[in-house]
Amino acid sequence: MEAKIWARVLAAIEPGVSRPNFATWLKQTELVEHGHGVAVVAVPNLYAKNWIEKHIAGEICQYLSAEGEAITQINLIIRPRADQRPLDELPLLQNNPSDPEPAAETSHLFNPRYTFETFIVGNNNRLAFAASQVVAEKPGEAYNPLFLYGGVGLGKTHLMQAIGNDIQKSSPKKKIIYTSCEIFTSEFIQSLQEKTIDKFKKKYRSVDVFLIDDIQFLVNKEGTQEEFFHTFNILHQANRQIVVTSDRTPKEITKLEDRLTSRLGWGMVADIQPPNLETRTAILQAKAKEKGVEIKPEVMDYVASAITSNVRELEGSLTKLITTAEIEHALITQPFAQKVLKELLSHSLSSGKTSAKSVIKAVANYYNVETSDLLGKNRVKELVYPRHIAMYLLKTKLNYSYPQVGQALGGRDHTTVMHAVNKIIKELKQNSGLEADLAAIQQGLK
Ligand code: ADP
Ligand code: MG
């Protein structure tokens, strides 16, 4: 009886709220009872309670009243659904004195700049931001997984790392892993080769917070998908927080196994859209302030209206303006900005104007490493792989010679470059995810 009424009420409400909001806040609610003017509704958590109270309680009264008796008051009680309660018999793991793994081993991987404080909120990213904060505040309790999606350079990695930074600060003992899909994959494959798969499993299955970036690259990696699936299940059952980013929704990641697609949509799915002019201006202002540079409002306006595609580019333009002004001892006026950015705006890999530097920077951005590290000597795989990608792009897209590529990447031998380029060509044949990576990197250059 109550279930049927509630289904009708929800059906009436649904068209008026966004899909993620509905899925997150309303879908898991139940009408417990109603009568004498009062309805009791069970919701899964405090956040749902607050949201419903704030946004939709009036409407609920209205639709419930339409079912018969007038309802003027809603009491929301928090009651997680049975299928979401934690399981007791879990094999986990940390705080176990016999566990030799050091805690928080990956903590240094967070970029200290990527915090909630430095993230500018606009209509384009409000839901994603709010959801990330909730997750940081109550990891594993509110939405699990949190799935953030949006185009290149719109702040997915920033938000994800902000979650990591925040949790690390408030709960330093929590074991947090931030990894990209790429690194997860290569570690998995390496562990198979080196027969250390148990160690690999243990590492990922024992975390409190699992942040995995750019999940779209799981496509066509069946073995890794399988492993990720099991990791996901174990962590999810233990109420460990999982956060995933992607450039598209779970459903749009084609060729992902159905069971994985459905799990990725279990919690909150929040999008990040490109920022509008107002938000772009606010971001520029914040970044200029961060850099301690004062920039005239008309210049801000010009840059914010000229650079529309993504925040990374916006940031890049500002940096370019500031450094060019420094080098040329020029004032940052609007004509100056126009001149400097004209070049930037016409950049594209095929136009012949792209510099090696910007390609290397795009690769570094994409893989979340420092440009200086790509040019440096360190040969850990997290650097070697992007380095090879950069070499490949310089050779094939900018038509650099092997020695030129070697020069551009910190003075490497041309045979090293040849070897790297061939390796990538070979990998491209086997791994179609890589093609998507390359496309995304080039997108980042535009
Ligand atoms: P994505 O992972 O979506 O490709 P990133 O998180 O790497 O994008 O963001 C690219 C750059 O833009 C980063 O330097 C990030 O700090 C910045 N950025 C993106 N969105 C915002 C925002 N809303 N406020 C401040 N900085 C932002
Ligand atoms: Mg990213």
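It should be emphasised that the depicted structure is a prediction, and the values quoted were computed from it without experimental measurement. Just so you know, ligand 1 is whichever comes first in the structure, and atom 1 is the first atom listed for that ligand. All values below come from the heavy atoms of this structure, side chains included, with hydrogens, waters and symmetry mates left out.
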So, applying salt bridge (Lys or Arg N to Asp or Glu O under 4.0 Å) with Lys221, which one of Glu257, Glu226, Glu182 is it? Glu182
Look at the rings of Phe184 and Phe200 and say which category their plane angle falls in: under 30° parallel, 30 to 60° tilted, over 60° perpendicular. tilted
Parallel under 30°, tilted from 30 to 60°, perpendicular over 60°: which one fits the rings of Phe232 and His236? parallel
Asn165 vs Phe116, test: side chain to side chain contact (heavy atoms under 4.5 Å, CB included). Steps then yes/no. CA-CA 9 Å; Asn165 270 319; Phe116 290 130; over 6 Å; no
Would you say the side-chain atoms of Gln241 pair up with the backbone N or O of Val209, donor to acceptor, closer than 3.5 Å? no
Treating Thr185 as the side-chain partner and Cys181 as the backbone partner, does any N or O pair qualify as donor plus acceptor under 3.5 Å? yes
So with a 6.0 Å cut-off around NE2 of His230, is the heavy-atom count from everything else above 12? yes
Does Glu298, at its CD atom, have more than 12 non-hydrogen atoms belonging to other residues, nucleotides or ligands within less than 6.0 Å? yes
Any salt bridge linking Lys423 with Glu427? Criterion: basic side-chain nitrogen under 4.0 Å from a carboxylate oxygen. no
Within the protein, residues bringing a heavy atom under 4.0 Å of ligand 1, chain by chain: Arg113, Tyr114, Thr118, Phe119, Ile120, Asn125, Gly151, Val152, Gly153, Leu154, Gly155, Lys156, Thr157, His158, Ile283, Lys287, Val311, Arg312, Glu315
Going by chain and residue number, what protein N/O/S atoms come nearer than 2.8 Å to the Mg ion (ligand 2)? Thr157 OG1
